[in-house]
Structures are given as C-alpha cells and as structure tokens.
Amino acid sequence: MIKRPEEIGKIIKTFDRAGYDVISAGQCVTGSILGDSPLDWDMYTECPQEKIREMFPEGEPIGRRTTRIDYSRFVESQHVNEADHFEGVVADIITLEGPIEEQLQIYDFTCEALGEHANGVLIDPVDGRKDIKQKLLKPVGNFRAKLKDKPELIWKALRYVGLYGFDLNREIYEAIQANRERAVVVDKEIILFEFTSAMIGDHAGKFLKMLKGLDLLEAIIGPDGESGLPREKKDYKKLSERIDETKKIPLRRLGLFYLVFEKHYDKALHFLPHEEESLDYLEEAKRLCPKLYFCKNDEMLKNFIYNYGWDKYHFYDRLLKAQNIVYELDNPQQVARDAILNLILYEKQPIFLEDLVIDADDIIEEGITDDPERAQYLLELLITPVHKNRWNNERDKLLKFARSFNKSRLRRAFRNVDWIR
C-alpha cells in the first residue's frame, strides 16, 4: 500500500462513509512508490459529480467529470539557498465512465498506468510496477506516434531520468533520437519546468549525460550557447559525473550548469524564460563568483557584502563551494574566507550604514552640510574607512572623515587608496 498524505486519507474516508470506493492513479502512485510526496493526485470513483460537489463544496468543477480540491499552500523560501515549494495536495476527483483499466490507458508511461484502491489493492494492467522496480521507462501505446501531437513527452521522459534514474527503453530512446527537432518546438516554459525538475533530482548527472547524448542541449541553451571549447566539454563531463554530490537547491544547480558555458554565458542563460529574481542571481554569477573568490582580506569581504547584500553573498559563496565539490578543488581561499567571515561576525565588525555610530542627521547637526542628500552621500563614503579599520567607527573620527570628504574632492576620490609612507 502506498503512503498517502493526511489530506488524501480524509478524502478517502469521506467517500467510504458515502459508500464509494476511490482509486488513486497515475504519477501520484508512481511518485509514492518511489518515495516521493506528490503534490498532484488523480483519484477515480463511480460517485456522480453532483454528489462529489455536495461532499466537497470547496471543490472547483473542472469540466464535466472532474472536481478539483486544492489543499495546497505555497511555502516561499526565506533564503535563496533554499527551495520554494508547495505543501499539501491538489486532488482531481474524476467520475469513471467505464472500467478503471481503460482509464489507465490515457497515461503516457507504464510506470504511471497504475491504480490503487482505497484498501491497497493494486491495479496494474501493463506491468508498470515491474518497470518501476527495474527503473525502466516504457510507453503506453505508440510513443513515436504520440510525439507528433505531444512533443513535450520528450522532456517528461527525461524528467524521469533526472528525478528517479530511469533508463529509457529502446522505443522511447530511438523515438526521441528520430524526433529531436521536435524537442525544440516545445513551449519554453514547459522545457524550463522539466529541465529544472530533472536538475534537482537524485540523478541529475545521468540526465545531463543523456541530454548531451541525445543532442538536446540546444533546446536548453540555444544554438549559440555552446562554444565547443575543450575546457567547456571537460567541465560539462565533470559536472555530469559529480553534480549529484551537491545539494539539490534549484538555483545553485542551475548556476553550476550555466557557468560551464562561460564563453557564451549570457546567450545560454537567456534562452529559457527564467523568473526575474532567479535571472538576477544567475546573471551576476559569472562576474561575482570570481570577485568573491578573490576577497582575500576582511576589507574586501565586508565591501562585497555591503555592495551585494547577505543573500547574494551566501548564494555565490555556496555556489563556489559546490564548484569545489564538482571539480574536486582543494581551495585554500575558501577556508581563509570562511575564517575571515567568522572573525568579522565574532567581533561584530561594522558592514552596513546602520552599523555606523552616526547617521546623516549627525552630519547635519555638526554643521558639515545642511543638505540632507549631501549628508547621506557623505555618510555612504564613511563606509570605506570603517571597512579598512573597524576602530574608525567612532563618532569623532567619522565626523572628521566627513569634514575632510566634504571639503576635498581628492580625498573623496582617493579614499580607497592605502598610502605608503
């Protein structure tokens, strides 16, 4: 018997009290057998829709035969190095018209053409359970014919590779080979969803190898994404071999992927329609990862955090650490940077404007300027001497610096320079 979420258990009990059996089927059964916690559940019953909608007034009618009950909630991550996700379930309750065995024929793969009664009895007309055990993806019906109308099945099949480590049977593999041009015409939103889903699976490396072997990279990074440089090929191969050793954080793994295509990074990154926030982090990765890598002292590190914020610092720091894992790098700079940051935090060294002991009002009250914008500008300049030496974060010292910067354009321009006496 598959493990059902609490919400699905309550739905089943409601039907049982009304005298109806209900059968879970499709990808929810597949995912549950494989140890996942599926969000979407297909459930079949002989109960009429009118009765279903009486039992579940919160349900939403979807066509003539389906009521959707949405018990899901979106959980937004508190940090970019965590994954946004849904909790709960969305259940589509479908009224059967004919035997359940016939209904199961609508699914694309044998591993999905499974149903389970409320009492745990499995319905398996095409030996899907056996294929799940063997991790072998086999089609229901003629896969090559289906690709003519549903080319997105190429990406769905590859998702099974990345998520669960399935092998494609010969029919599916050869059909994809013969129709690889169809993979490119799929809506880019669908490609991005399936690509990202595969990349955060336990077998993302296997997915990347198959993506390359089937010559489908162009559908992800565009025709101009690859440069063909030996280093790029070597890095892609290494990524395919080692990415599964990294944490399954979507944005981090996408960063690892796109950084392989260094020469045409922007073209590769912008081929698929990433969300604006994700794109912001990924666009900066090529420039800020090296910048952070070379932060060799506390001043440089505090300056990086001040300019880009904690979220971006943590993202690029962990992206660099993931690169160390993938490319098996012994990175003393990483160890040194961690030690520097720990000291900064331990000593509570000032990093941001709010850490300064004065504010713009103090600069005005001291008579240095009566212009609020000028006062704020001078306050921002004070970050430099404080980053250089945390003991400069004293009222008298900061006001002295503010007077100096206000009077002298040269002192403002050369505030970052360490003069040698």
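Because the structure is a prediction, the values reported are computed rather than measured.
Judged by distance alone, the side chain of Thr66 and the main-chain N or O of Asp92 form no donor-acceptor pair under 3.5 Å. Side-chain atoms of Glu152 never come within 3.5 Å of backbone atoms of Ile190 as a donor-acceptor pair (strictly under, hydrogens ignored). Checking side-chain atoms of Asn303 against main-chain N and O of Glu299 turns up no donor-acceptor pair under 3.5 Å. In terms of modelled atom types and a separation under 3.5 Å, the side chain of Arg53 and the main chain of Pro61 share no donor-acceptor contact. Between the side chain of Arg395 and the main chain of Val357, no donor-acceptor pair closer than 3.5 Å is present. A distance-only check finds no donor-acceptor pair linking the side chain of Tyr107 to the backbone of Leu114 [under 3.5 Å].
Atom CZ of Arg231 is surrounded by 12 or fewer heavy atoms from other residues, nucleotides or ligands within 6.0 Å. Counting heavy-atom neighbours within 6.0 Å of Lys291 NZ, excluding the residue itself, gives a total of 12 or less. Crowding of Glu58 atom CD: a count of heavy atoms from other residues, nucleotides or ligands under 6.0 Å exceeding 12.
Within the 4.5 Å cutoff, the side chain of Glu262 has heavy atoms near those of the Lys286 side chain. In this structure the side chain of Asp362 never reaches within 4.5 angstrom of the side chain of Leu398, judged on heavy atoms. Inter-residue side-chain proximity for Ile172 and Phe109 is flagged as met; some heavy-atom pair is nearer than 4.5 Å.
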**OP:** List the steps, then state whether salt bridge (charged side-chain N to carboxylate O under 4.0 Å, His left out) holds for Arg73 with Glu87.
**Re:** CA-CA 5 Å; Arg73 54 198 173 277; Glu87 292 181 354; 3.6 Å; yes

**OP:** Would you please test Arg374 and Asn406 for side-chain contact (heavy atoms from CB on, under 4.5 Å) and show each step?
**Re:** CA-CA 9 Å; Arg374 180 71 173 181; Asn406 188 49; 2.9 Å; yes

Original post:
side chain to side chain donor-acceptor pair (under 3.5 Å) between Asp371 and Tyr377: does it pass, once the steps are laid out?
Top reply: CA-CA 10 Å; Asp371 182 351; Tyr377 168 67; over 6 Å; no

**OP:** Could you walk me through whether Phe207 and Met199 pass the side-chain contact (heavy atoms from CB on, under 4.5 Å) test, one step at a time?
**Re:** CA-CA 8 Å; Phe207 163 74; Met199 285 292 287; 4.1 Å; yes

Subject >> Step-by-step salt bridge (charged side-chain N to carboxylate O under 4.0 Å, His left out) determination, Asp124 to Lys130 >> reply: CA-CA 9 Å; Asp124 187 7; Lys130 176 183 175 183; over 6 Å; no

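Of all heavy-atom pairs between Val326 and Leu239, the closest is CG1-CA, 3.7 Å. Of all heavy-atom pairs between Ala175 and Phe143, the closest is CB-CD2, 3.7 Å. Across all their heavy atoms, Cys111 and Leu137 have their closest contact at SG-CD1, 3.7 Å.
Glu284 has a carboxylate O that lies under 4.0 Å from a charged side-chain N of Arg287, or vice versa, which qualifies the two as a salt bridge. Salt bridge absent: Lys302 and Asp355 never bring a charged side-chain N and a carboxylate O closer than 4.0 Å. A salt bridge links Glu347 to Arg390: at least one charged side-chain nitrogen sits closer than 4.0 Å to a carboxylate oxygen. Of the charged side-chain nitrogens involved, at least one lies within less than 4.0 Å of a carboxylate oxygen, so that Arg337 and Asp317 count as a salt-bridged pair. By the 4.0 Å N-to-carboxylate-O rule, Lys138 lies too far from Asp127 to be salt-bridged with it.
For residues 174-187, there are no side-chain hydrogen bond (donor to acceptor under 3.5 Å, both in side chains) pairs, not counting sequence neighbours. Screening residues 201-222 for side-chain hydrogen bond (donor to acceptor under 3.5 Å, both in side chains) gives Asp167-Lys206, Asp202-Lys248, Lys212-Glu226 as the qualifying pairs, with residues at least two apart or on separate chains.
Aromatic ring pairs are classed by plane angle as parallel below 30°, tilted from 30° to 60° and perpendicular above 60°; the pair Tyr160 and Tyr164 is tilted. The aromatic rings of Phe15 and Phe56 lie tilted to each other, with the angle between the two planes from 30° to 60°. Below 30°, between 30° and 60°, or above 60°: for Tyr316 and Tyr281 the angle between ring planes is between 30° and 60°, a tilted geometry. Aromatic ring orientation, Tyr313 versus Trp310: perpendicular (interplanar angle above 60°, classes split at 30° and 60°).
Only one option out of His264, His274, His270 pairs with Tyr258 in a ring-ring contact (aromatic ring centres under 6.0 Å, His included); it is His274.
Taking the six-membered ring where the residue is Trp, the centroids of Phe257 and Phe195 are separated by under 6.0 Å.
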